[in-house]
There are 2 protein chains.
Amino acid sequence: MPKKTSPINVDPRVRRTRRLLREALVSLILERDFASISIREITERAEVAYITFFRHYESLDVLLMEVLDEGLGELMTRIETLAKQSDTSNLETEGRLIFEYIGQKADLFRILFKSQSVTRVRKKVVRNIAAVFQKSCLPLARSGNQTTTAMLSNHIATSLLALIEWWLDNKMTPAPAQMGRVYKNLIIDSTVGVVSTVSAMS
Amino acid sequence: MPKKTSPINVDPRVRRTRRLLREALVSLILERDFASISIREITERAEVAYITFFRHYESLDVLLMEVLDEGLGELMTRIETLAKQSDTSNLETEGRLIFEYIGQKADLFRILFKSQSVTRVRKKVVRNIAAVFQKSCLPLARSGNQTTTAMLSNHIATSLLALIEWWLDNKMTPAPAQMGRVYKNLIIDSTVGVVSTVSAMS
DNA sequence: CCTTTTTGTTATACTATGTAACAATTGTAG
DNA sequence: CTACAATTGTTACATAGTATAACAAAAAGG
């Protein structure tokens, strides 16, 4: 197995520097606007030389991407198992698990939604989630129309993200168990319920 | 009637300058990223002195706000009439009118969704739309729970915006008439349908 | 312990923001 | 038409951030 995929052979100084820069960006972005954060400020908080930043990242956006990728990968795998559920009770349970997970990594998701100038990242996340539902969610695939399935999976993806964002803004109430029910009823069931109606379009 | 609300008494040079700056920003933002656009570039394209920008706007964001406010006001009034519809056929018709209107002012809405660093503007728009539905959409108000109505109106607002964004990205197909039906079935009816189920939460 | 790699220090070029003083132009009122 | 007022243009300058380079210092690895 190749060692390049899981870089454990990295110089400890490099690991330390990159970790310090990530942590500095996270702590800053939770304080104020992403747009107002400079590379100088990040390196100062990380207690690292200014030029060191450019030895690891070509831009601020790349660092932000790395920070988000830290946790979004796990979210995607959870959403995949979510999308494959067809049983009613499992659907609700998996919905609960998603919101419990988000509650644990709340800081990370606050960054995803809060940081301005990451519309691009958000769109990418929406596309990924929509693709997962388009593949895995069987009731949607049953409607022959290509445009319809694309539109409905986009609806599910954006609705899920919007629900997560609202939940974070609403101090994470109601509890995850109730949010799991909301996910099932409001997002999945109601969308699946209109497949036959909407897919009758030309 | 006060003249301050509709400033017709403005110096024609001021009107001209502000119009040139708005047009320059719009043409630039449709070409590339908002983040990469500088004030210098805007003033050059507008054929206006650099310092003149600061005589009218305190920042680039303020100019962007003015550009968006040009057209979003009309959208909001249309959405208000949309939210008040309870008749089934009217719901579909008003949905069609919304998408016809968006098709006409497509450039403006592309700016709303495309321009990075306007997450703040987007959130504000969502809040405004959600407030309209929370007030006007009677079936939602029937559920006593305050949290539920806030969540559902947020769901409608974000779903509508996401559907508009998807429609613009999809080259404005299907036609507005079909999108009107989608609006009715996917966003309104399915949301109203789960009110009783979801509002049974604590 | 010696070599390699990484990091820190310092200097520099470049670009953009934002302000100020003064001249030139344009609009307006008499 | 003229004189006054307001706006705009020109030039200069202070500040801040990006990005790169050369060389010294420190840390990692054999």
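Order of the sequence lines fixes the chain letters, A, B, ..., with proteins taken first and strands second; residue numbering starts at 1 for each chain.
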> So, are B:Glu44 and B:Arg40 salt-bridged, with charged N and O less than 4.0 Å apart?
Replying inline: no
>> For B:Glu92, give me all partners under side-chain contact (heavy atoms from CB on, under 4.5 Å), at least two apart in sequence or on another chain.
In response: B:Arg181, B:Lys184
> Do B:Tyr101 and B:Leu97 come within less than 4.5 Å of each other through their side chains, counting heavy atoms only?
Replying inline: no
> Mind checking what makes salt bridge (charged side-chain N to carboxylate O under 4.0 Å, His left out) contact with A:Glu80, not counting sequence neighbours?
Replying inline: none
>> Please report the distance, rounded to the nearest Å, between CG in B:Leu21 and C1' in D:dT8.
In response: 12 Å
> Whole-Å distance between D:dT8 P and B:Phe53 CZ?
Replying inline: 14 Å
> Can you check the A:Glu58 CD to D:dT20 C1' distance for me, whole Å?
Replying inline: 15 Å
> Heavy atoms, side chains only, cut-off 4.5 Å: are B:Arg19 and B:Arg15 in contact?
Replying inline: no
Side-chain donor-acceptor pairs under 3.5 Å in residues 155-164 of chain A, sequence neighbours left out?
residue, atom, partner, partner atom, Å
A:Thr158, OG1, A:Asn154, O, 2.9
A:Thr158, OG1, A:His155, O, 3.1
A:Ser159, OG, A:His155, O, 2.7

>> Measure CZ/A:Phe54 against P/D:dG17 and give the value in whole Å, please.
In response: 12 Å
>> With heavy-atom distances below 4.5 Å as the criterion, would you say the side chains of A:Arg122 and A:Glu165 are in contact?
In response: yes
> In chain order, what residues pass the side-chain contact (heavy atoms from CB on, under 4.5 Å) check against A:Val62, with sequence neighbours excluded?
Replying inline: A:Tyr57, A:Glu58, A:Ser59
Would you tabulate the pairs of protein nitrogen or oxygen atoms and nucleotide nitrogen or oxygen atoms of nucleotides 1-3 of chain D closer than 3.5 angstrom?
none

>> With heavy atoms of chain A within less than 4.0 Å as the criterion, where does contact along DNA chain C begin and end?
In response: C:dT5 to C:dT9
> With side chains defined as the heavy atoms from C-beta onward, is the minimum distance between B:Leu72 and B:Phe109 less than 4.5 Å?
Replying inline: yes
>> Just to verify, what does B:Gln85 make a side-chain contact (heavy atoms from CB on, under 4.5 Å) with, not counting sequence neighbours?
In response: B:Asn90, B:Leu91, B:Glu94
> Side chains of A:Phe53 and A:Val48: closer than 4.5 Å at any heavy-atom pair?
Replying inline: no
>> Test of understanding: with salt bridge (charged side-chain N to carboxylate O under 4.0 Å, His left out), list the residues that count as partners of A:Glu31, not counting sequence neighbours.
In response: A:Arg45
> Checking B:Gln178 side chain against B:Ala175 main chain: does a donor-acceptor pair fall under 3.5 Å?
Replying inline: yes
>> Which residues in residues 36-46 of chain B have a heavy atom closer than 4.0 Å to any atom of DNA chain C?
In response: B:Ser38, B:Ile39, B:Arg40
> Given atom OH of A:Tyr57 and atom P of D:dT18, what is their separation to the nearest angstrom?
Replying inline: 16 Å
> Do B:Phe113 and B:Leu168 have side chains that get closer than 4.5 Å, going by heavy atoms?
Replying inline: yes
> Quick one: ring pair (Phe, Tyr, Trp, His ring centres under 6.0 Å) partners of A:Trp167, sequence neighbours excluded?
Replying inline: A:Phe99
>> Please report the end-to-end axis angle for the helix from C:dC1-D:dG30 to C:dG30-D:dC1, five pairs per end, rounded to 10 degrees.
In response: 30°
>> Treating primed atoms plus P, OP1 and OP2 as sugar-phosphate and everything else as base, which nucleotides of nucleotides 23-30 of chain D get B, S or - for protein heavy atoms under 4.0 Å?
In response: ---BBSS-
